Structures are given as structure tokens and as C-alpha cells.
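These numbers were taken from a predicted model, which means no experiment stands behind them. Chain letters run A, B, ... following the sequence lines, proteins first and then strands; every chain starts at 1.
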Number of protein chains: 2
Amino acid sequence: MGQGAGGGPQPRGGATLAQVAARVGVSLNTVSRAIRAPHTLRPELLGRIAAALDELNYVPNRIAGSLAGTRSALVGVVVSSLFHSEFAAVVEALQTGLLARDFQVMLGHSHYDPAREAGAVRALLGWRPAAMALVGIDHHRDVSRMLGEAGIPVVQMWDVGGEAIDSAVGMDHVAIGRAQAEHLLARGYRHVAVVGSLRPHDARAHKRCRGVAQALAAAGLGEPALATSAEPGDPDLGGRLVAELLARHPEVDGIACNSDAVAYGVLRALRARGRRVPDDVGVVGFGDAEASACLVPALTSVRPPRAAIGRLTAEIILARLEGAGPRQLEVAWDILVRDSTARGSTVSAPI
Amino acid sequence: MGQGAGGGPQPRGGATLAQVAARVGVSLNTVSRAIRAPHTLRPELLGRIAAALDELNYVPNRIAGSLAGTRSALVGVVVSSLFHSEFAAVVEALQTGLLARDFQVMLGHSHYDPAREAGAVRALLGWRPAAMALVGIDHHRDVSRMLGEAGIPVVQMWDVGGEAIDSAVGMDHVAIGRAQAEHLLARGYRHVAVVGSLRPHDARAHKRCRGVAQALAAAGLGEPALATSAEPGDPDLGGRLVAELLARHPEVDGIACNSDAVAYGVLRALRARGRRVPDDVGVVGFGDAEASACLVPALTSVRPPRAAIGRLTAEIILARLEGAGPRQLEVAWDILVRDSTARGSTVSAPI
DNA sequence: TTGAAAGCGCTACCAA
DNA sequence: TTGGTAGCGCTTTCAA
């Protein structure tokens, strides 16, 4: 209270097309065309309009443009989480690809919860996006229904193998789990366990887990020992889970982790318990986080092609918008073999 | 070609308010009020409208709402980069705070480039956001001008101490640099260097660097040795810079890194060269990344209150929008002391 | 090459 | 408690 006008700043918006038109002395839609189809105007007029546009710092109102135009310039993107940065690089590559064609990305988070995912999808759909991209291939039926009814291109990222709503770009997570286990077996580890965060609705994590079991079965071994939790996967969780695992299954000598962050904690806890890596125990991660090559021992991990997934998603969206059909792509990943599984490459039978 | 209709999916949008109204047999704006002010309708009518809304899967068109309404429901956010996840936690906390009040976040990236930052700000302003938040306090003058003219609340995050456009929530980066150096000196390291990515327009990094120099000067020591680069800060860069540093300044025994990722590479390179940490060299990072506590030796680092910065930014934006005045907050950070600087806590003079 | 007019789907205000 | 009406700033026809 007092003499001030009170209240926050008054949004002034910028100049409107009509104001620019009035200043130049032409009609509103001549200015509009000066922006969208400059070649249809006399150069002289175009020059005067450009000058006015510049002078008034005209910034096109995309809200108005979207409402009036036939297509929106927004793409909705739903990721599980940005926090653990699993998907930050995917989003960045996607946004870069889209921005080049003047599409804005709108981000939503599911926090690994189907209800929140549905909420995020609904909220984004309210902005009438031209397309949507989301992490995962298995969704709550409300999500599939809403997305199907929206009648826009939808790209499901990161996973493949489920029933795609429209298009998909991802990895075969069962194969990844299998590869984790096969790598451990090839290095001579026989008692393989799975450690990590396994949220009820994180289908990818469950698939990798299943892949590990498949590989063990194929090798004539029993079920993998499991130490999982629905908590977010961080080093502390890894430490707690491995402690619990070793108490129950002291024979474990190979650990497939559901994320590198968890693997960091696993390595630390093994060290604290005097278990040598890779001599006594082999550890393989998932995600190839930035620090993984700098740990001691350096962590063997699965590297997902994050930037490629983001880039391909952008490409598919743009192509779909121009009339191309849906596509489903499986992208390749690889295992970066480092010291944490460097016990030797021949299968040595236990004494 | 072929028999198909060709073309991508036809965006069908959802049902409109008018369609719902027609179905119930009331006027369009009665339905609008059923959504925004339900208590002003007869319960019976409200029930019928709710049923129709549900049956037609009505999703309000936020584009139309923003254009017609007095205020937009968007907040623009510009970060330097998501990729190195420096700001992912800030954005997530900010988005959570805003979403609770039904504001959508629109993200832009500057990639540590003033021109791209200006481009991102301009692009976001086109959506007529209700407010903007951006990383950094020192901006290209075009950015300050555009933001000032927009007449909306603007919160500058992460840094403080410059001339704020409107509001700010951040840390004193000079003090952080000073603290890094003082910590090293307190642990008995005498020849302190700065290693890391120093992009021309990353004012925060420059301030931390200046802080280190100040602390050395205050202790009667000379300028810090510098090994910096404009490349993105990752472990490989850290490794290369420290190799170059030790070639030029073999006497260095304390290293202040501009990010934890760089520090990871520094630790690895020191190990490869047979320099023991913390005995021969002390290393302190910035950012407290997830892996830092799991390295060997565990990395001493400065921990920024990322979630708090995001949350406070959301609070300030919401308050500003309700008429509160601008605020400038400096938030506290701390140094997590770990093994990489654990040489002892008394200053021991070199022999 | 330019202008006029009709909406896009909604909110805000007024009248009933 | 409800309905009518005038825009928001632009794109998109169509006519001049």
C-alpha cells in the first residue's frame, strides 16, 4: 500500500500486427504476409514494413497464431524424470531437432507414476500440440486413448516391443538385460544377481530384469538373486541393496545393476566389505553415466544412444507432420567393457 | 500414392465448449462457468454438464483460453544446458512448484551463448508467458531490454550480485571460489590452481575463478595457475587440462575445479601420473554430482541448493503475479568435505 | 499486389 | 442463476 500502483508488472505484450500496420499505413494482413511470404510484396513496401517491425520490436504472438492457424507449433514431451538426468540428453537432442523447424517443446514429468503420466498428457494435450513424444511403450489405457483420440503423431521413445500407439524409437530392454548377464557369464561369474530400483510401472527396468533371467536360464543356471526396491535409484540405495543381497546370498559373484547410479553405491559397498571388484565380484551398470569411466574400478556399462533417440524422434515427428507414415525403429546400444568386469575373458569353472 | 488418404493423422482436437453446450442444451458460457466457477450453477445442471464433459472427453483448449483471458498460463525458462544436468534439478523443482498452480513451463537453452540465449528469450516471449526465469544474472543487453519491455516478472537464477532485471535467487559465486581456495589452504595445500571449462560468457565460472584468486591474494600467495578451456566441462577435458597444468606448474598441490565432471577426470589423470590424492594433491569440485561421494578418493565439492533455488523461483513468480514486489535472494551453499582434500586440517608450512 | 471479412475457442462483461 | 455479445491477435480465404 502507499503511493505505488501496487500489483506486479503489467504485462504489456509487444506491438500487434495491427499497430505495425497502422504505422506503415497498410492493412494488417499485408504485414502478416510480409512476415510469412515476403516475396509476395513490393520490395519497397517490404522495406518499410521491415523497418516498422524492427522499430516496434514486434514479436509475433504465437498464441494467436496457433489459434488462428491450422497447425500448432508445439510438441509435447513427457519423460519419467529429468532429475536423475536419464533423459536430459534425449530431450536436449529432441528439442534441438524441433527448434530448427520452429517447434517449441513443452515438457511434462510422469515421475514413474501412470496417474501422473496421464495427468501430464492431459495437461499437454490442452495446448493442442502438433505432436507428442513420451518415454516408454507401455502406458495406462487412459494415456493410449487420449493420445489415439488426439489424432496427432505420437512417438514413444526409449523402449520398443510393445504395441506402439503410432511411432516408436527405442531399445530392446530384454536384450539389454540378456547382454548384461551374458557378459558376466562370459567373464566367468556364475552367481548373477540383479540390483537396483524397480518401480512398479517402470516397464523397461522389468524387461532388463527378465533379460537377465533369460540368459541365466539359457546357460542352465537358476533364477537370478534379486535385490530391488521401488525407491529412486541412487548410490545409497545400491549400497543398502547390496548389503542385503550379500547377507542372503553370499555366493553372488556377478551383479547387473539397473542404473549406473546404483552401481556406484554397489561398488562402494563391496569395497567397504572387502569384496574385490572385479576379482571377487563383477559389476555391470546401465546408462553409461558421465562418471562411470572415472570410478575405480571403472564401471562396465550399457550405453544407450541418447542423442540419436532424441534426434530420430524429432525426425519422425517432422516427417509424420508432412504426411509420412508411422515408423518403429529399434536403435542399437553397446556395452562399454571396463575394469569392473575385467576378470578375464574365458569361462573358468569354479574349483 | 496408393489408396490411402495419405498425409499424417488429422489433428482432431477435442470437443469444444460449444459442442458440450449444444449437447446439454445450455449456452456456451454456462459450460465455461461450470468449469471455472462451479458454485455459480444449480447442482442439477452442474451434474449434467459434468457428465457431458466427461462423455466427450473435453480437454480445455489452453491456447484459446490464453488468447481470450487476461493472463497466460505459461512460464518461460531458459537454462544454459540440460545436457550436463547442472540445472535439471532446478528445472524440475521449478516446474513442480508452478504446476501446482496450473502453470506450464516452456524450456529454452542458451548453450552458454549470448546470441542463442537472446534467441531463446525471443522465442519464448512469442508465447506471451506470464513470467520468465533464466540462469545467470549478467545478460546480453538485448535480453535485458526484451525482458524489461515485456513487463512481466523475471527471475534470474543461480547467480546473484549483478544488476537484477527484476528478481533473483542465487549464490555468490565469488564467495564459492574463495571458499574452495580457503579450504585447500586450510588443509595445507599451498600451490593452488584452477582447472575447468571457462566459457567466455559463463559469468558464474569466471566469478568462482576470481574468488580463488582473491583468497590466494589474501593469504599472501600469488595468482593461481590456470588451466582452462572453452570446451564443455567433462572428465576428458579435466584429464587433458591437468596434464598440461602439471607440465607447466609441477609444483601445484591444490586444484579447484569448475565442475565435478572435470574433477573426475582430474582425479583419474593424477592417479595415472602417480600423484596421490589427497597426500600429494588436494582436489575440490563444484556442483556435488551424484557420483562424487562414490569416487576413490571421494570428491570434496561445493553443494548448491538446486531444489531450493527452483522452489524459491516458483514462489517468487507466483507472488509477483499476485502483486508482491521484486525480491533478490542469496541462498546458502556448503562444502561437503570428503577424502580428496583430507590431508589434515592444520596448515603445515612446506619444509 | 493489396485489402476486407470471417473465424479459431475461449473469457469477460453485461443484461436478462 | 443463466445467456448474449464483444473481442483476444492472428491466419485464411476471397474479392478488389
Donor-acceptor list for residues 116-128 of chain B side chains, cut-off 3.5 Å, not counting sequence neighbours:
| from | atom 1 | to | atom 2 | distance (Å) |
| --- | --- | --- | --- | --- |
| B:Arg116 | NH2 | B:His111 | NE2 | 3.4 |
| B:Glu117 | OE1 | B:His139 | ND1 | 2.8 |
| B:Glu117 | OE2 | B:His139 | ND1 | 3.3 |
| B:Arg128 | NH1 | A:Val59 | O | 3.4 |
| B:Arg128 | NH1 | B:Leu125 | O | 3.1 |
| B:Arg128 | NH2 | A:Val59 | O | 2.8 |

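- The neighbour count for B:Arg327 CZ, taken as heavy atoms of other residues, nucleotides or ligands under 6.0 Å away, does not exceed 12.
- Between B:Arg128 and B:Leu41, it is B:Leu41 whose nearest contact on DNA chain D lies nearer the 5' terminus.
- For C:dG3, the OP1/OP2 oxygens have a side-chain nitrogen or oxygen of A:Thr30 closer than 4.0 Å.
- On the nucleic acid side, DNA chain D contacts chain A at distances under 4.0 Å to non-hydrogen atoms, with the end points of that region at D:dG9 to D:dT12.
- A:Arg199 has no carboxylate O lying under 4.0 Å from a charged side-chain N of A:Asp113, or vice versa, which leaves the two without a salt bridge.
- For the pair B:Pro129 and B:Gly76, the tightest heavy-atom approach, listed with the atom from each and the gap, is CB-N, 3.8 Å.
- A salt bridge is defined here as a Lys NZ or Arg NE, NH1 or NH2 lying under 4.0 Å from an Asp or Glu carboxylate O, and B:Glu322 with B:Arg101 meets this definition.
- The CD1 atom of B:Ile165 lies 9.5 Å from the CE atom of B:Met146; values are rounded to the nearest 0.5 Å.
- Between A:Arg23 and A:Glu55 there is a salt bridge, since a side-chain N of the basic residue sits under 4.0 Å from a carboxylate O of the acidic one.
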For nucleotides 11-13 of chain C, which of its nitrogen or oxygen atoms have a protein nitrogen or oxygen under 3.5 Å away, and what is each distance?
| from | atom 1 | to | atom 2 | distance (Å) |
| --- | --- | --- | --- | --- |
| C:dT11 | OP2 | B:Ser32 | OG | 2.8 |
| C:dA12 | OP2 | B:Arg36 | NH1 | 3.3 |
| C:dA12 | N6 | B:Asn29 | ND2 | 3.4 |

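- Comment: B:Arg204 does not engage B:Glu86 in a salt bridge, judged by the lack of any side-chain N to carboxylate O separation of less than 4.0 angstrom.
- Residue B:Asn61 contributes atom CG, which lies 7 Å from atom P of C:dG9 at whole-angstrom precision.
- Rounded to whole Å, atom P of C:dG7 lies 17 Å from atom CG of B:Leu67.
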